[in-house]
Amino acid sequence: MKIAVLKETATGEARVGATPETVKKFVGLGADVAVESGAGLGASVADADYAAAGATIGDRAAVLAGAEIVLGIQGPDPAALTGAKPGAWIVAGLNPFGDRARIEAYAAAGYEALAMEFMPRITRAQSMDILSSQSNLAGYKSVLMAAAEYGRAFPMMMTAAGTVSAARAFVMGVGVAGLQAIATARRLGAQVSATDVRSATKEQIQSLGAKPIFVENVQGIEGEGAGGYATEMSPEYQAAQAELISAHIAKQDIVITTALIPGRPAPRLISDAQIASMRAGSVIVDLAAESGGNVEGAVSGETVVKHGVKIIGAKNVAGTMAADSSALFSRNLFNFLSAFWDKEAGKPVLDEEIGDAIRLTRDGKIVNPRLLS
């Protein structure tokens, strides 16, 4: 079994799909691992480190020759996979809903594409969940991004020259990223509040020392869909939430939005009118900017100023911490493949529960129900 680790070609992508740690573990399973020269440089991993762990180093053609599994962060260009074995597994974050043409190209080329972001949220797959591992780092970094752009301090400071008031931070969307954002903002000394459409998150917010901001006068709405993800809310709830948020957001210095709905554009949480109600110098970080944005006027990959408020359209935030995010992502990949490794066959053999959930293509066709519905 030959496993190929490719250098990422997407603009600004510094992460890598394997580290010397996971290479050594794959070799321990009996696999041959080939790493494209320079693949780890963005994550501070030299070719020599991979070689010391047991990998062979080469150009893309040599690395792909006869490869049965190709590991990546973002899905590689199907046209650049020449040399991989027919039916080879492409294991990476494949953006199935956002890049359908690439998935169709994998199918046409005969590859078996496995989308790690489709990993089911079940107990035994927690260690394989790239969305959680990368969102955790993104939530942390989003607060640092806000702090860097904010023209004031986060904690309250009492000095001989007077007192500096603590920043007020508001986190919208309390998933993995939101919870880490709450914790980080609290560590920096901000007064933190948070909201989510899922009522079950109220206790999580309180456990981190933040104030929950929830719609209380609309009954019978939980807002939780399959797998623990948020789902789209009723018009009644949306109206009540908008009224509550408008009153609260006007008093905030920092707002971080994290709300995503799988397979759908990111829900709009903050309007232009709400931005206008915030004081000049406030900062909004939109972690959903790549998926359409939670904030009206947010631009993915750019920082814009509206009504005196800086709006950071976050893009690939986890990738800005390439060393740590690569370490976590590569462990997710190893945990996934090693869990199904058949020693007699010398390769992983997937079961139905996880295999059918993440498999996008097989035998020249798109087979995932989420892409066929």
Side-chain angles (χ1 to χ4, degrees), residues 73-75 92-100 115-121 125-126 128-143 145-146 170-182 184 194-201 204-205 213-214 221-234 237-238 241-242 245 255-271 284-301 311-320 325 328-329 332 357-358 360 368 370-371 373:
I73 300 293
Q74 299 189 42
L94 300 181
N95 189 18
F97 295 118
D99 202 343
R100 179 63 177 253
M116 291 297 291
E117 59 266 67
F118 274 12
M119 189 66 64
R121 288 199 160 177
Q126 286 180 347
M128 313 171 192
D129 186 356
I130 65 167
L131 294 181
S132 291
S133 71
Q134 303 304 288
S135 293
N136 192 55
L137 290 171
Y140 161 78
K141 187 62 178 284
S142 68
V143 178
M145 294 165 67
F170 182 39
V171 178
M172 303 182 72
V174 189
V176 174
L179 289 169
Q180 185 57 248
I182 292 170
T184 303
T195 191
D196 196 287
V197 297
R198 297 164 296 176
S199 60
T201 61
Q204 294 174 308
I205 294 169
I213 306 297
F214 277 78
I221 299 175
E222 291 299 321
E224 186 157 344
Y229 292 99
T231 187
E232 210 159 27
M233 305 306 295
S234 71
Y237 186 95
Q238 291 176 355
Q241 185 187 46
I245 296 308
V255 179
I256 295 171
T257 67
T258 72
L260 290 168
I261 300 174
R264 304 285 294 276
R268 183 56 47 82
L269 301 182
I270 299 178
S271 67
I284 301 174
V285 181
D286 187 347
L287 284 179
E290 287 182 274
S291 299
N294 297 143
V295 182
E296 185 175 355
V299 180
S300 179
I311 305 170
I312 302 172
K315 183 177 181 180
N316 190 15
V317 177
T320 65
S325 54
L328 297 182
F329 198 111
N332 292 146
I358 69 171
L360 305 183
N368 194 282
R370 295 174 69 178
L371 297 182
S373 61

Ile284 side, atom CD1; Ile270 side, atom CD1 - distance, nearest 0.5 Å: 4.5 Å
When rounded to the nearest 0.5 Å, the distance separating OG of Ser291 from CG of Leu260 is 5.0 Å
Taking all heavy atoms of [X] and all of [Y], pick out the closest pair and write down the distance.
| X | Y | value |
| --- | --- | --- |
| Thr320 | Val317 | OG1-O, 2.6 Å |
| Met128 | Met116 | O-CE, 3.4 Å |
| Pro267 | Ala259 | CD-O, 3.6 Å |
| Ser300 | Glu290 | OG-CG, 3.3 Å |
| Pro120 | Ala357 | CD-CB, 3.8 Å |
| Phe214 | Arg198 | CE2-O, 3.6 Å |

Quick one: which of Asp286, Leu287, Ile312 gives a side-chain contact (heavy atoms from CB on, under 4.5 Å) with Ser142? Leu287
For residues 170-177, run the donor-acceptor check on the side chains, cut-off 3.5 Å, and write out each pair with its distance to 0.1 Å, sequence neighbours left out.
none

Backbone N/O of Arg268 and side chain of Asn294: donor-acceptor pair under 3.5 Å: no
Side-chain (Thr184) to main-chain (Ala181) donor-acceptor, under 3.5 angstrom: no
Is there side-chain contact between [X] and [Y], with at least one heavy-atom pair below 4.5 Å?
| X | Y | answer |
| --- | --- | --- |
| Ile256 | Met145 | no |
| Ile205 | Ile182 | yes |
| Glu117 | Pro96 | yes |
| Arg121 | Asp129 | yes |

Assess whether side chain to side chain contact (heavy atoms under 4.5 Å, CB included) is satisfied between Gln134 and Leu328, documenting all intermediate values. CA-CA 8 Å; Gln134 303 304 288; Leu328 297 182; 4.1 Å; yes
Residue pair Phe118, Leu94: steps toward the side chain to side chain contact (heavy atoms under 4.5 Å, CB included) verdict: CA-CA 9 Å; Phe118 274 12; Leu94 300 181; over 6 Å; no
Those residues at least two apart in sequence (or on a different chain) that pass salt bridge (Lys or Arg N to Asp or Glu O under 4.0 Å) with Arg100 are Glu104
